[in-house]
Amino acid sequence: MTDTGGAGLFLSFEGIDGAGKSSHIEALAEALRGAGRRVVLTREPGGTPLAERLRELALHEAMDPLTEALLMFAARRDHLATVIEPALARGDVVLCDRFTDATFAYQGGGRGFDLGVLGQLERWVQSVQALPAGRLRQPDLTLWFDLAPEVAAQRLAAARVPDRFEAQPLEFFRRVAAGYAQRQAGDPGRFARIEADQPREAVRAQALAAVQARGWLA
Ligand code: TMP
């Protein structure tokens, strides 16, 4: 069993808009519940009343890149303190639709915001009481749904009214995708790359297999 600074498990789900990750989170939750685990399903930005209000602002109001990055991390701090850390301390499995890799990919890659500043914010926000000084709360596993930006854009165009991020041009999502790849290269053991261009059942099987490979599902 991985040392998680508590008995729980923290899994995050990442990918560019349109990669299709959200539909697989519920399936994984059911599999984990079937294995007797208590599961907390949550998302970022959001997951608490305050963070959901910050999400509305971040997704719909114009702002400069530092303000945007600060809002993401402010929402994250509240989410960690009031939902994620208590759940991990209880021994629950936390399934989180996006976490800090999204900030590095979107604000860092997409917007071109300073990665050093994002790293500083990451250290402040993800230092938590349950872990020794110097260790940050990070997901135990990140499922990265990797899909070509061109394909994701086609899926999105058919799907919904876009928010500030979904409305960005293809070139923005190319940079976001590169941001995810860079994050994975920096911490490859934490990531499982899911080939999200496959049929839905095959993508679901890859997601389950990644969790099984860690010994967290039979
Ligand atoms: P969602 O549509 O997957 O819920 O994500 C909301 C949007 O917020 C999505 O376009 C990605 C963006 N986002 C960031 O730009 N930075 C972040 O740190 C997070 C968590 C999300």
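A quick note: this is a predicted structure, and the numbers were derived from the prediction, not measured. Order of listing sets the numbers, starting from 1, for every ligand and every atom in it.
In this structure, ligand 1 sits under 4.0 Å from heavy atoms belonging to Asp17, Lys21, Glu44, Pro45, Arg55, Leu59, Met72, Arg76, Arg98, Ala102, Thr103, Tyr106, Gln107, Phe165.
Under a 4.0 Å N-O distance rule, the pair Arg190/Asp101 qualifies as a salt bridge.
With sequence neighbours excluded, the residues satisfying side chain to side chain contact (heavy atoms under 4.5 Å, CB included) with Glu171 are Arg174, Arg175. In this structure Glu52 satisfies the salt bridge (charged side-chain N to carboxylate O under 4.0 Å, His left out) test together with Arg43, sequence neighbours excluded. By the side chain to side chain contact (heavy atoms under 4.5 Å, CB included) test, Leu136 pairs with Glu122, Arg123, Gln126, Ser127, Gln138, sequence neighbours left out.
For the side chain to side chain contact (heavy atoms under 4.5 Å, CB included) with Leu71, the qualifying choice from Gln107, Arg76, Met63 is Met63, the only one to do so.
Here the two rings, on Phe104 and Tyr180, have centers that are 6.0 Å apart or farther.
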